[in-house]
There are 2 protein chains.
Amino acid sequence: MASGYLVRQGDRCDTVSVLLDGYCYGQKDDGEGNCQIVSLAISGDVIGLEHLYLLTTDHNVRALTTVDVAMIPLSAVQQLSASRPAIAHALGIHQAINHAIAREWIVNIGARDGLRRVAHFLCEFAVRCDAWRSDTAAGYELPMSQEQIGQATGLTAVHVNRMLKTLHAAGLIERSWRNVVFSNWEGLRDVACFSSDYLHPGRQVPAPGYRTV
Amino acid sequence: MASGYLVRQGDRCDTVSVLLDGYCYGQKDDGEGNCQIVSLAISGDVIGLEHLYLLTTDHNVRALTTVDVAMIPLSAVQQLSASRPAIAHALGIHQAINHAIAREWIVNIGARDGLRRVAHFLCEFAVRCDAWRSDTAAGYELPMSQEQIGQATGLTAVHVNRMLKTLHAAGLIERSWRNVVFSNWEGLRDVACFSSDYLHPGRQVPAPGYRTV
DNA sequence: TTGTTAGACTTACATAGGTTAAGCAGACTT
DNA sequence: AAGTCTGCTTAACCTATGTAAGTCTAACAA
């Protein structure tokens, strides 16, 4: 529905949002005009869980596409969490996974070279969207400009373009406009050293039995 | 007390630790032998809060110095959180701040050049340790080798050395061995574009009134 | 039709930072 | 005291990535 900023750095925030449809990204200024993308949110993600704990936001949240968002007053989330511990626990899991993704981004930007960085970024996006399961020929749409991919990976748009071309030349991906097809998923995953462990798929800690009886 | 690993990547973890004394760091492998430092813990920090939510760990936690750690069984933390909502809330705040620090590290590594990266790292460490308040002449001890600073900032040890020398030449810091003195705190902060906002000092969201009566 | 814009794509060139190698100092062993 | 280690330091060289500038296309507006 909305487009543009959902949250602004420095804001006092009193809502938690659920992204019903579309894509958003978190962004921080480095203090000299450069912007770094620090997170990505896809349909179903909860945005701004930290508002439950921190009075002001330290980063912007912006829409990448047209989005559909449910904004829930903080007090409602607090009441819900208090009365339904299982929901509080689920929010905690969500937050912990987002934190794990941030750690992996630090590794990606800090330790990998350009090619592996872009490859890893593509892998993560695909797995998070479940796109890699679907018909490979169909591919998926990456709703970001090369400039934005650069801001997420700590590279310039020019270099992102080079790396995408290299991945294509290596027969790992096919592309047209923003559509990406994995011609060789295994190969791409190997280049990126991608493992989905940090996304913590599968089981998490079950909600402890709060004996309120 | 202990030295070496506190937690290993892939472990099933059933304790939460409180770092009573010393320094620890979080570390992840990039899949090709390079190690990236993804977090730092100082005295008073709680380590492994994500174990409340995730069954396995996605990163190592290692001691940087001799450390004194209290390891608390997960079940005890769960019980404490259930019976004392204010404590659960405090843990949430702690976790949210750690997440905010991770975001800032992404910005630091992804958007800043070597000099500003190292400067920012020094600023963050100093502020987190409160060292910048104390007698500037005394300085503080940074318990990391230049190799480790490099792993935290995404640079090589050689380049960290160059940057430290440059910061010294600019009259911003003095050093001898691992002792760092801020000869010009304002100057260093400006170079780094450091603002402590992301550490969320001061007030956070007060614990909501859980009416259990 | 013409203009305007945003983004993909390319080339030529510049440089920050990586690599390798070596010297040196302090701490620890034997 | 000789040997070994780790970490700091410096220098020479190299390359991955950034910078600047331009072309091309698609979409859109007047």
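We name chains A, B, ... by the order of the sequence lines, and we start the count at 1 in each one.
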Q. Of B/Met144 and B/Arg162, whose nearest nucleotide on DNA chain D comes first from the 5' end?
A.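 Going by which nucleotide is closer to the 5' end, it is B/Met144.
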Q: Indicate, with a heavy-atom threshold strictly under 4.0 Å, whether A/Arg175 touches base, sugar-phosphate, or nothing.
A: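 Since only primed, P, OP1 and OP2 atoms lie under 4.0 Å of A/Arg175, the category is sugar-phosphate.
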Q: Describe the nucleic acid contact of B/Gly150 in one word from base, sugar-phosphate, nothing, applying a heavy-atom distance below 4.0 Å.
A: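 Nothing: the residue B/Gly150, judged by heavy atoms under 4.0 Å, touches no strand.
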Whole Å only: how far is the [atom1] atom of [X] from the [atom2] atom of [N]?
| X | N | atom1 | atom2 | value |
| --- | --- | --- | --- | --- |
| B/His168 | D/dT9 | NE2 | C1' | 13 Å |
| B/Gln148 | D/dG7 | CD | P | 7 Å |
| B/His159 | D/dA11 | NE2 | P | 15 Å |
| A/Arg116 | D/dT17 | CZ | C1' | 15 Å |
| A/Met163 | D/dT17 | CE | C1' | 8 Å |
| A/Asn161 | D/dT17 | CG | P | 14 Å |
| A/Gln151 | D/dG18 | CD | C1' | 15 Å |

Q | Rounded distance (nearest 0.5 Å) linking atom SG of B/Cys24 with atom CD1 of B/Ile42 | A |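 These two atoms lie 11.5 Å from each other.
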Is the backbone of [Y] close enough, under 3.5 Å, to the side chain of [X] for a donor and an acceptor to pair up by distance?
| X | Y | answer |
| --- | --- | --- |
| A/Asp113 | A/Arg116 | yes |
| A/His89 | A/Val205 | yes |
| B/Thr65 | B/Tyr23 | yes |
| A/His51 | A/Thr15 | yes |
| A/Asp11 | A/Arg8 | yes |

(Q) OP1 or OP2 of D/dT17 versus the side-chain N and O atoms of A/Arg112: is any pair under 4.0 Å? (A)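 Indeed not, no polar side-chain atom of A/Arg112 lies that close.
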Q | Phosphate OP1/OP2 of D/dT10 contacted by B/Lys165 side-chain N/O (<4.0 Å) | A |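 For B/Lys165, the contact criterion (side-chain N or O under 4.0 Å from OP1 or OP2 of D/dT10) is met.
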Q. Between D/dT9, D/dT19, D/dG7, which one does the side chain of B/Trp177 approach most closely?
A.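 Nearest to the side chain of B/Trp177 among the choices is D/dG7.
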Q. Of all the nucleotides listed (D/dT17, D/dT10, D/dG18), which has the minimum atom distance to the side chain of A/Thr156?
A.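 Closest nucleotide to the A/Thr156 side chain: D/dG18.
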Q) Going 5' to 3' along DNA chain C, which nucleotides are the first and last within contact of chain B (any atom under 4.0 Å from a heavy atom)? A)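 Range of nucleotides touched by chain B: C/dG17 to C/dT20.
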Q | Shortest non-hydrogen contact from A/Gly44 toward A/His94 | A |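 So the minimum-distance heavy-atom pair works out to O-CE1, 4.5 Å.
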